[in-house]
> 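Following this message is one structure expressed as structure tokens.
By convention here, the first residue in the shown sequence is residue 1. Just so you know, these numbers come straight off a predicted model, no measurement behind them.
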Amino acid sequence: MNINELRRIGKRLITEIPPLLDELRKREALGKGAGGDKTFPIDKKAEDIIIEEVERSKKPITIISEECGVKEMNGGGPRLLIDPIDGSRNAISGVALFSTSIALVQGDTVGETAIGYIINLTSGDEYWAIKGEGSFLNNKRITVQQDDEPKAIAYEAQTPKVDIAKILPLLSLYNRTRCFGSTALDMAFLAQGALSTFIIPYPTRSFDMAAGYLLVKEAGGVITGLDGNDIDKTVIGVTRTTALLVSANMKLHNKALEALRNKE
């Protein structure tokens, strides 16, 4: 699939999901998805739209999704990593910040991500990256923050009393902290220069971060594990694999790594 096909999926999502929000919020969770988190009706609706569009394309694709797990379409082929609603709890509680994240991977590892696409389902903003061609926001090329001033950091905390304590020395370096509740948008915001650094201090999954990974890389940013090691060879799938440290440039990244090393 190409970026135009992914944008066509995004157009359908932004047309169909927002009008259904009030109704979808009233319904109970449907159980747990393949990724281990609760599946809400809004997750299922978004996933159904994406699967329908992949079927319509008649292209051989292997879907790896937070909800349905691994699903071979039209005979199977390159991996399409999907987080149907990234920020589900924001969506169901009325916080207007959630997205859909889709990444096309030409292999078995995160480093083989060829296309990343993220759509902000509250604003309609589209972020995408094509390997070797750069990162874009609504057709305009974007780049990360160029200086090394620690302006704003975003983070996600699955278990706040553990996760925040772990990264507090890092957070204290920055002028502002943010917790948006959507990993894909955190990474998209960093790619466009709105954040200096982003951290997930616990293992995340490839469909949560593959599209954002490519956006950051193509915009000139740096992304590693918390130890500074490369994550390019992280195997894609539905299980949690690696924590993330993402920075606009290497100077900011080194400052962040030093803060994490000296947390004791």
Side-chain angles (χ1 to χ4, degrees), residues 34-37 62 64-66 70 78-83 86 99 101-118 127-135 142-145 153-159 162-163 166-167 170 180 182-192 195-261 263:
D37 293 338
T62 297
I64 301 177
S65 174
E66 181 173 19
V70 180
R79 278 71 161 178
L80 199 67
L81 303 188
I82 300 169
D83 192 344
D86 184 32
S99 63
S101 174
I102 306 174
L104 181 71
V105 184
Q106 300 280 7
D108 299 321
T109 64
V110 171
E112 295 172 284
T113 303
I115 302 175
Y117 175 80
I118 297 166
Y127 298 84
W128 71 85
I130 301 172
K131 195 169 189 177
E133 297 184 21
S135 294
I142 54 176
T143 59
V144 294
Q145 174 187 328
I153 184 170
Y155 66 94
E156 296 296 334
Q158 187 177 49
T159 308
V162 174
D163 296 332
K166 186 187 298 184
I167 63 174
L170 173 60
F180 293 119
S182 171
T183 295
L185 289 177
D186 286 314
M187 297 174 81
F189 294 154
L190 189 143
Q192 75 176 88
L195 295 171
S196 307
T197 302
F198 168 56
I199 185 168
I200 303 181
Y202 54 87
T204 189
R205 297 158 301 200
S206 55
F207 50 71
D208 291 324
M209 54 85 165
Y213 159 91
L214 191 62
L215 270 168
V216 169
K217 285 275 194 175
E218 289 294 321
V222 182
I223 179 167
T224 71
L226 302 195
D227 53 7
N229 290 334
D230 201 297
I231 67 163
D232 288 6
K233 293 183 180 179
T234 300
V235 177
I236 61 175
V238 297
T239 58
R240 295 184 178 275
T241 54
T242 182
L244 294 179
L245 180 64
V246 189
S247 303
N249 54 62
M250 189 53 73
K251 287 185 178 180
L252 283 166
H253 206 68
N254 286 336
K255 288 179 182 179
L257 288 170
E258 183 178 1
L260 292 172
R261 282 195 292 266
K263 63 180 182 297

> Would you say Asp186's side chain and Ala154's backbone share a donor-acceptor pair under 3.5 angstrom?
no
> Could you grab the distance from atom CG of Leu190 to atom OG1 of Thr197, nearest 0.5 Å is fine?
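So the CG of Leu190 and the OG1 of Thr197 are separated by 7.0 Å.
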> Please give me the minimum heavy-atom distance between Ile64 and Phe207, naming the atom from each residue.
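Smallest interatomic distance, heavy atoms only, reads O-CB, 4.2 Å.
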> Under a 3.5 Å distance rule, please check whether Arg240 uses its side chain to pair with a backbone N or O of Pro203 as donor and acceptor.
yes
> Would you say Thr109's side chain and Lys233's backbone share a donor-acceptor pair under 3.5 angstrom?
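No; judged by distance alone, with no hydrogens or angles, the pair does not exist.
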> Taking all atoms of both residues into account, what is the closest heavy-atom pair of Gln106 and Ala114, and its distance?
CG-CB, 3.8 Å
> Using every non-hydrogen atom in the two residues, find where Ala211 and Ala103 come nearest and quote the distance to one decimal.
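Taking Ala211 first and Ala103 second, the nearest heavy atoms are N-CB, 3.7 Å.
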> Measure across Ala248 and Val144 and return the closest heavy-atom pair with its distance rounded to 0.1 Å.
O-CG2, 3.0 Å
> Within the 4.5 Å heavy-atom criterion, are Trp128 and Ile115 side-chain neighbours or not?
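Not in contact.
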> How far does OG of Ser99 sit from CE of Met187, to the nearest 0.5 angstrom?
11.5 Å
> If you take all heavy atoms of Thr113 and Ala210, which pair is closest and at what distance?
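The answer is CG2-O, 3.9 Å.
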> Checking the side chain of Lys217 only, and the main-chain atoms of Ile223 only, is there a donor and an acceptor separated by less than 3.5 Å?
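No; judged by distance alone, with no hydrogens or angles, the pair does not exist.
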> Less than 4.5 Å apart, side chain to side chain, heavy atoms only: is that true for Thr242 and Met209?
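They are in contact (side-chain heavy atoms under 4.5 Å apart), so the answer is yes.
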> Is the side chain of Ser206 donor-acceptor paired with the backbone N or O of Gly237 at a distance under 3.5 Å, no angle test?
yes
> With rounding to the nearest 0.5 angstrom, report the OG1 to OH distance, Thr234 to Tyr213.
8.5 Å
> To the nearest 0.5 Å, what is the distance between CD1 (Ile82) and CG (Leu104)?
10.5 Å
> Look only at the side chain of Asp163 and the backbone of Gln158, and say whether a donor-acceptor pair between them is shorter than 3.5 Å.
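Present.
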> Using the rule side chain to side chain contact (heavy atoms under 4.5 Å, CB included), only one of Ile200, Thr224, Ile199 pairs with Leu244; which is it?
Ile200
> Between the side chain of Glu218 and the main-chain N/O of Leu214, is any donor-acceptor distance below 3.5 Å?
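The answer is no, because no donor-acceptor pair under 3.5 Å joins these two groups.
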> Is Asp108 close to Arg79 at the side-chain level, that is, under 4.5 Å between some pair of heavy atoms?
yes
> Look up atom CD1 in Ile102 and atom CG in Leu81, then write down how far apart they are to the nearest 0.5 Å.
10.5 Å
> With side chains defined as the heavy atoms from C-beta onward, is the minimum distance between Ile236 and Val110 less than 4.5 Å?
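They are in contact (side-chain heavy atoms under 4.5 Å apart), so the answer is yes.
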> When you compare the side chain of His253 with that of Leu245, does any pair of heavy atoms fall below 4.5 Å?
yes
> Got a donor-acceptor contact below 3.5 angstrom from the Ser182 side chain to the Asp86 backbone?
yes
> Are any of the side-chain heavy atoms of Leu170 and Tyr155 separated by less than 4.5 Å?
no
> Can you tell me how far the CG atom of Leu215 sits from the CD atom of Gln192, to the nearest 0.5 Å?
10.0 Å
> Please examine the side chains of Val162 and Tyr202, heavy atoms only from C-beta on, and report whether any two atoms are closer than 4.5 Å.
no
> Mind checking whether Asp83 and Thr183 have side chains closer than 4.5 Å, heavy atoms only?
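No, their side chains stay 4.5 Å or more apart.
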> Looking only at non-hydrogen atoms, find the nearest pair between Ala219 and Ala191 and report the distance.
CB-O, 3.5 Å
